> 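Dumping the structure here so I can ask a few things about it.
Everything numeric in this text was worked out from a predicted model, so none of it was measured. In this chain, residues are counted from 1 in sequence order.
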Amino acid sequence: MAHDHDDHDHHHDHDHDHGSELSEMQIRVRALESILTEKGYVDPPALDAIIEAYETKIGPHNGARVVAKAWSDPAFKKALLEDATKAVSTLGHVSRTGDHLVAVENTASRHNMVVCTLCSCYPWEMLGLPPVWYKAAPYRSRAVKDPRGVLADLGLTLPKDTEIRVWDSTAETRFLVLPMRPKGTEGWSEEQLAELVTRDSMIGTGFPKTPGAPS
């Protein structure tokens, strides 16, 4: 609920003791944004442009498009695995993190997963903002010591003879997992295939959707 305080006339989207749907962190962010805007340190149109970019231009739909094309186009897949940065640039994705993008391919005998042991380095332009668990210490510390156990906790149980490779992202190098193409998708268009690609499958903590599975 928006209301005015007596000592200043800006609005907060919370109502203190009246019961807010916003979390404590959201309330703090809104308050900080209001103060910084009032002092002229933040330009609201610039914030709107950033939000609009993350809603429409940046996100896992970009990565899904890359994966779908790799599934459909052997030449693009080869180029992606050789130089992901160069390959994704041909699709119009050119970004700071994309300058150092590496694609790693899952096979029947090898599974790749991505972690950032230091913080939360992540290919934002390909996958959007990192999920909370990706930034959490338990994932960051256990992924390199017990990747099979971490994957099992996330609902991904792999055969014992499947090799698991863990890739540690840094500020200089980000990774994109190229998951295996689901069976039963022969003849599908890139647009159809992209619908099967999940964010987690491009981190290596999940599989793509299977045809006919509920979304």
Side-chain angles (χ1 to χ4, degrees), residues 53-95 97-98 100-116 120-135 139 143 147 150-159 162 164-167 169 173-215:
Y54 273 93
E55 288 180 343
T56 62
K57 300 177 182 177
I58 298 170
H61 60 282
N62 288 330
R65 182 184 169 203
V66 170
V67 170
K69 186 166 183 62
W71 284 345
S72 304
D73 184 343
F76 179 79
K77 175 182 174 181
K78 182 174 184 292
L80 180 71
L81 295 176
E82 290 178 349
D83 186 341
T85 301
K86 183 177 180 180
V88 299
S89 69
T90 64
L91 302 181
H93 302 302
V94 179
S95 66
T97 57
H100 308 279
L101 185 68
V102 175
V104 289
E105 181 185 19
N106 284 351
T107 67
S109 60
R110 184 177 63 240
H111 185 89
N112 298 282
M113 65 183 295
V114 181
V115 67
C116 176
S120 59
C121 294
Y122 187 82
W124 287 17
E125 285 75 8
M126 293 289 105
L127 304 182
L129 296 174
V132 173
W133 53 260
Y134 183 87
K135 299 179 285 185
Y139 178 78
V150 170
L151 292 176
D153 289 346
L154 293 171
L156 194 68
T157 301
L158 297 174
T162 299
I164 300 176
R165 291 184 179 180
V166 181
W167 301 88
S169 289
T173 303
R174 312 295 169 91
F175 296 91
L176 174 73
V177 174
L178 176 59
M180 290 190 292
R181 178 171 176 165
K183 295 180 180 178
T185 58
E186 295 77 10
W188 282 35
S189 68
E190 289 183 19
E191 290 74 18
Q192 289 175 302
L193 291 171
E195 294 294 324
L196 300 179
V197 183
T198 66
R199 178 202 62 193
D200 289 1
S201 71
M202 294 183 281
I203 302 174
T205 56
F207 290 134
K209 301 174 190 173
T210 54
S215 57

> Please verify the inter-ring angle class for His111 with Phe207; under 30° counts as parallel, over 60° as perpendicular, anything in between as tilted.
perpendicular
> Would you mind reporting whether Val197 and Pro208 have side-chain heavy atoms less than 4.5 Å apart?
no
> May I ask you to say whether Arg65 pairs ionically with Glu191, meaning some side-chain N is under 4.0 Å from a carboxylate O?
no
> Sub-3.5 Å donor-acceptor pair from the side chain of Asn106 to the main-chain atoms of Leu178, do we have one?
no
> Could you tell me which residues satisfy side chain to side chain contact (heavy atoms under 4.5 Å, CB included) with Lys78, sequence neighbours excluded, listed by chain and number?
Glu82
> Which word best sums up how the rings of Trp133 and Tyr139 line up, parallel for under 30°, tilted for 30 to 60°, or perpendicular for over 60°?
perpendicular
> Say whether, by atom type as modelled, one donor and one acceptor occur between the side chain of Ser189 and the main chain of Gln192 under 3.5 angstrom.
yes
> For Leu81 and Ala103, work out which heavy atoms get closest and say how close.
CD2-O, 3.7 Å
> Look only at the side chain of Asn112 and the backbone of Val177, and say whether a donor-acceptor pair between them is shorter than 3.5 Å.
no
> Can you run down the side chain to side chain donor-acceptor pair (under 3.5 Å) pairs that involve residues 67-76, sequence neighbours left out, and say none if there aren't any?
none
> Side chain to side chain contact (heavy atoms under 4.5 Å, CB included) with Pro159: which residues, sequence neighbours excluded?
Asp161, Thr162
> Working to the nearest 0.5 Å, report the span between OH of Tyr134 and CZ of Arg199.
11.0 Å
> Quick one: does Ser169's side chain have a donor or acceptor within less than 3.5 Å of a partner on Arg174's backbone?
no
